[in-house]
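These notes are about the structure you will find just below.
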Amino acid sequence: MDDTQTAPGPRPDAFILTGSFLVVCRAPLYLAELARRGLKILLITPSYWREDALAAAKDPDHPAYVIDEVAFVDGDVSRDNSYLPGVLSAARRWRDEYRVVGAYAVGETQVEPTGLLADALGLRTPGLRATRACRSKYLQRWYLPEFSPVSLTVPPESRATFDPAAVRYPAVVKPTGRHSSSGVETVTGPDALPALLASYPGHETVLVEEKVEGQEYSVESLVQDGRIVFGSATRKATTDSHAHTFVELSHTVPSDRPEADEVLLDANRRMLEALGFQDGVAHAEWRIGADGRAYLMEVAARTPGDGLCILYELATGAPLEPEIVRIALGEPASYPKPSRVARQVYLEHVPGVLTDVRVSGFDVEPVWVGEGGLWPAVGPSAPADPPTLRTVLVHHDRGTELGPLRSSEDRAVSFFIDAPTVAELDELEARVRRAVTVHTVPAVPDTVTHVLVGYSPVMLAKLDEHLPPGSVLVLEEPAVIEARGITALADRHPCVAALFPAPSQNEADPRRAVETVPRPAGVRAVVPVVEYGVVVAAALADAWGLPGAGPEAARVLRDKGLLRAALAGSGIAQPDWAVAEHAEQVAGFRAAHGGRCVLKPANRQASLGVRLLGPDDDIAEEWAGTTAADEPTLRAPYEDTARYLVEQRLSGPEVSVEAVVHEGEVGFTNITAKLVQDNGHPVETGHTVPAGLPQPLADALREAVTRLVDTVGFRSGVLHSEWILADGTPHLVECAGRLPGGGITVLIDLAYDTDILRNLLHVLTGTGPVGPLTAARAAAVRFLIARPGPVESVTGADEARAAPGVTELHLSVAPGSTVRSVTSSWERAGLVIATGADAVEAGRRAEHALSLIDVRTGGGAR
């Protein structure tokens with residue numbers, strides 16, 4: 001390379017790097033490679049990095065320690081050429097002091113000034129056309145019409161006169177000088193376009209272009225002397241699959257959809273030739289349209305962002321940065337093909353204040369790099385090594401308020417994985433997604449008086465009538481929030497002040513919720529809403545000095561095995577039982593109990609996974625069914641929580657007892673009569689309130705409940721205990737420390753002219769006990785059990801609603817839906833609730849109304 005510089009005397013060889021100080025230091029291999037060569041390292045970076053850069057330069061453990069000089073310049077990346085005067089001023093001085101042998105723009109902010117200074121010094125550059133066009137999206141559309149979607153350039157002075165009808169929708173609006181997806185949005189129609197154009201700063205030029213619907217990729221190219229010495233495609237996922245923004249959510253290197261490689265690499269080669277791209281690295285983003293063509297979204301003449309350099313090293317075993325330096329110095333460069341597949345995944349989060357990030361099931365702790373910290377070194381492995389989670393990065397500090405994902409800077413957590421094959425990588429990604437939890441919390445309004453642990457639309461609908469607007473804080477697991485689509489909960493229910501993502505089902509460590517959820521200043525009650533929130537609700541109430549079940553009682557009630565053990569010797573009758581860890585134990589228990597037993601999960605609800613086994617049942621098959629039963633939309637995927645029991649199979653009528661307890665004293669009680677399926681899945685088909693038992697048996701049940709409360713130490717709340725009356729003696733089946741499900745709360749309210757939810761809040765606020773109530777009538781619910789198959793028609797609902805005594809009818813099936821065999825309460829097809837003068841009349845009315853409903857499925861009528 002000719003030395004065109006004229007300063008006299010010997011000058012040390014130097015290399016100029018430009019870009020954000022953080023981006024340069026997060027790519028320390030550039031600095032290490034230049035230092036290894038003995039070159040003076042000169043850095044040009046924006047002035048806002050002055051304090052950080054000067055401090056780091058004094059730290060021998062910081063990558064910046066090897067930098068010899070730093071020039072600080074002022075500018076705005078969104079304004080054309082704003083950095084240019086400062087960059088050239090620094091370069092002019094250095095030209096006289098050093099023999100500058102190379103220059104490279106590590107980040108986006110100074111790509112064009114770097115190209116100009118390198119051109120003047122006779123150094124290797126992408127070329128002036130490529131350098132200029134790669135910093136301007138409208139120039140890319142001007143130079144590269146063959147590869148561009150239909151687009152219009154809108155200068156600032158043309159916004160007011162721009163005709164929205166001139167655009168084909170959906171359209172994409174993007175600022176032409178920014179990076180990191182900032183300001184890029186989809187517009188679905190002409191009405192929204194003027195307001196969006198007016199939202200950009202007055203100096204910005206924007207593109208309005210037809211949206212290309214299709215998979216997004218990038219192509220990374222090492223180019224030397226105008227020839228591509230290495231090119232590879234990366235597949236991307238972005239928020240535009242479910243939002244109006246285009247924030248990148250994952251990168252896969254090499255692309256796991258190689259069928260697109262030929263089209264992408266050919267278009268990328270021709271695009272670089274059209275730009276006259278000479279020396280450097282190109283990072284071009286593409287979409288494959290419905291017509292099979294590759295459309296250029298944008299191209300940059302600098303190191304690819306995010307963790308793409310790390311991904312290439314994981315995939316190939318070799319770093320990119322030394323080869324980029326070789327290109328800048330005019331030395332022959334090469335790069336190997338990938339031998340593994342690697343991926344960086346950015347996790348979406350619920351907006352709020354970042355409080356914690358946890359990883360379970362992997363020997364990896366999150367690394368809190370924050371907005372300005374260095375990333376850890378992530379070295380490659382051998383091609384055949386097993387799939388590996390390399391690191392989990394947290395890109396913001398605790399206490400940062402996270403908003404919606406509108407640009408790359410809004411992302412909070414990412415992880416790196418690699419594997420020998422795409423299938424193994426996909427499986428590992430799914431596991432890591434389940435293992436990483438991002439905890440954010442909203443600011444808790446001062447209006448909150450009641451904290452609900454778990455989401456129930458039925459309870460919230462009642463609280464909308466009972467409590468003032470903004471008085472309820474709902475705690476729910478992030479996974480459940482996503483699965484149930486309840487992010488906008490406060491928009492649905494006036495009483496809800498905020499939905500608070502929290503580890504509300506972490507029974508192994510309920511203190512995490514106590515540490516995560518700030519105590520609302522005016523809180524009066526913590527309410528356990530769902531079965532899986534009982535333990536955390538008790539922990540929060542205890543920590544905040546409020547009435548509740550008590551942490552130990554809640555823990556015992558959430559595990560049927562712990563409850564059985566706690567009641568041993570209490571005088572409460574129970575079936576024989578044992579913990580079951582494998583099918584052979586179940587078989588042995590069955591053999592010892594006359595060929596009959598019950599197999600059940602120890603900590604599920606709604607009869608999920610419960611099997612009544614006889615002598616001819618296949619134990620292995622039944623064990624597999626029980627252990628596979630789950631509620632993925634209701635239960636957070638905490639690992640190692642599954643426990644199972646095998647029990648003696650009792651015969652007799654089934655009842656439940658609902659009791660309102662205040663400071664350990666049992667007040668109001670109700671006894672519910674139950675109907676249960678007569679098959680291997682004991683799902684309830686009906687309830688009647690009150691049960692109408694003989695007084696001695698009712699007294700025995702109430703006495704047993706009082707003894708249960710004393711034994712487990714239950715303090716305040718509602719208990720829902722289930723019993724089998726075997727040989728006239730109540731035997732405990734299980735007990736929950738929450739309101740009952742299955743419509744029983746509605747039946748209690750109808751029968752006793754009360755409000756059981758208000759009674760629960762009464763004791764949980766410490767207001768006082770709720771005494772015995774006299775039933776004014778009876779109420780019954782009967783559940784609709786339909787024949788399995790696709791639903792063809794549903795008739796008779798109007799007639800059923802008009803039937804005598806009917807107060808409610810709900811159907812969960814409709815034409816087009818599918819009825820499945822009823823193995824848990826969630827699979828019932830609907831319900832009818834009716835009242836009557838007594839239990840017999842209420843039950844008869846509910847059954848009559850139910851008989852009027854006809855659900856015709858592919859398998860025949862109900």
Side-chain angles (χ1 to χ4, degrees), residues 350-356 398-399 401 439-478 481 486-506 510-530 533-551 554 660-663 715-718 737-739 755-770:
V350 177
V353 177
L354 178 62
T355 60
D356 200 9
R398 282 185 175 87
E401 185 168 354
H439 294 286
T440 60
V441 298
V444 178
D446 293 339
T447 54
V448 169
T449 56
H450 293 71
V451 174
L452 273 56
V453 183
Y455 163 66
S456 164
V458 175
M459 183 178 290
L460 288 175
K462 292 192 69 174
L463 292 177
D464 282 336
E465 301 173 1
H466 294 332
L467 295 178
S471 58
V472 173
L473 179 68
V474 178
L475 310 183
E476 188 53 274
E477 287 282 349
I481 292 172
I486 57 173
T487 304
L489 194 58
D491 296 336
R492 304 183 194 177
H493 295 280
C495 71
V496 175
L499 172 64
F500 200 106
S504 61
Q505 298 180 15
N506 189 345
R511 293 297 305 176
R512 278 187 55 197
V514 174
E515 295 165 357
T516 300
V517 182
R519 186 188 195 278
V523 66
R524 298 177 55 211
V526 180
V527 185
V529 175
V530 298
V534 166
V535 170
V536 166
L540 286 172
D542 186 66
W544 295 346
L546 297 172
V660 180
V661 184
H662 171 68
E663 295 182 356
R715 298 178 189 169
S716 295
V718 166
R738 50 154 174 90
L739 286 172
D755 185 330
I756 191 66
L757 174 57
R758 189 180 291 276
N759 293 337
L760 172 62
L761 300 182
H762 188 81
V763 296
L764 289 182
T765 55
T767 305
V770 176

side-chain contact (heavy atoms from CB on, under 4.5 Å) filter on Pro351, not counting sequence neighbours, yields none

Heavy-atom closest contact (Val763 atom, Gly768 atom, distance): CG1-O, 3.5 Å

With Thr765 via side-chain hydrogen bond (donor to acceptor under 3.5 Å, both in side chains) - residues at least two apart: Thr767

Residues pairing under salt bridge (charged side-chain N to carboxylate O under 4.0 Å, His left out) where one sits in residues 447-462, two or more places apart or in two chains, turn out to be Lys462-Asp749, Lys462-Asp755

Thr355 to Thr440 - nearest heavy-atom pair and separation: OG1-N, 4.3 Å

Sorted by chain and residue number, the side-chain hydrogen bond (donor to acceptor under 3.5 Å, both in side chains) partners of His439 (sequence neighbours excluded) come out as Arg512

Tightest non-hydrogen contact, residues Pro547 and Ala541, listed as O-CB, 3.6 Å

Are Ser471 and Thr447 side-chain neighbours, meaning at least one heavy-atom pair lies under 4.5 Å? no

Test your reading of the model: is there a side-chain donor-acceptor pair from Ser716 to the backbone of Leu764, 3.5 Å cut-off? no

Pairwise distance CZ(Phe500) to OG1(Thr516) - rounded to 0.5 angstrom: 7.5 Å

Closest heavy-atom pair and its distance - Val517, Ala502: CG2-CB, 3.9 Å

His450 side, atom NE2; Leu546 side, atom CG - distance, nearest 0.5 Å: 10.0 Å

Any Val514 side-chain heavy atom under 4.5 Å of Leu540 side chain: yes

Identify, with sequence neighbours excluded, every residue that meets side-chain contact (heavy atoms from CB on, under 4.5 Å) alongside Asp446. none

Any side-chain heavy atom of Glu477 within less than 4.5 Å of one from Pro501? no

Is the closest side-chain heavy-atom distance between Tyr455 and Val496 below 4.5 Å? no

Listed partners of Ala498 passing side-chain contact (heavy atoms from CB on, under 4.5 Å), at least two apart: Pro442, Leu473

Pairwise distance NE2(His493) to CE(Met459) - rounded to 0.5 angstrom: 12.0 Å

Do you know the tightest heavy-atom contact between Pro528 and Arg738? O-CB, 4.0 Å

Could you check if a side-chain atom of Leu460 sits within less than 4.5 angstrom of a side-chain atom of Val474, using non-hydrogen atoms only? yes

Within this structure, what is the CD-CG distance for the pair Gln505 and Leu475, rounded to the nearest 0.5 Å? 11.5 Å

d(Leu760 CG, Leu739 CG) to nearest 0.5 Å is 5.0 Å

So, do Val444 and Val523 sit near enough that their side-chain heavy atoms are less than 4.5 Å apart? no

If only atom types and distance count, is the side chain of Asp542 paired as donor or acceptor with the main-chain N or O of Gly550 below 3.5 Å? no

Atom CZ of residue position Arg524 - does it have more than 12 heavy atoms of other residues, nucleotides or ligands inside 6.0 Å? no

Just one of Val451, Leu761, Val453 clears the side chain to side chain contact (heavy atoms under 4.5 Å, CB included) bar with Val527, so which one? Leu761

Show the nearest heavy-atom pair for residues Trp544 and Pro518, with the distance to one decimal. CZ2-O, 4.0 Å

How long is the gap from CG on Leu757 to CG on Leu463, to the nearest 0.5 Å? 5.0 Å

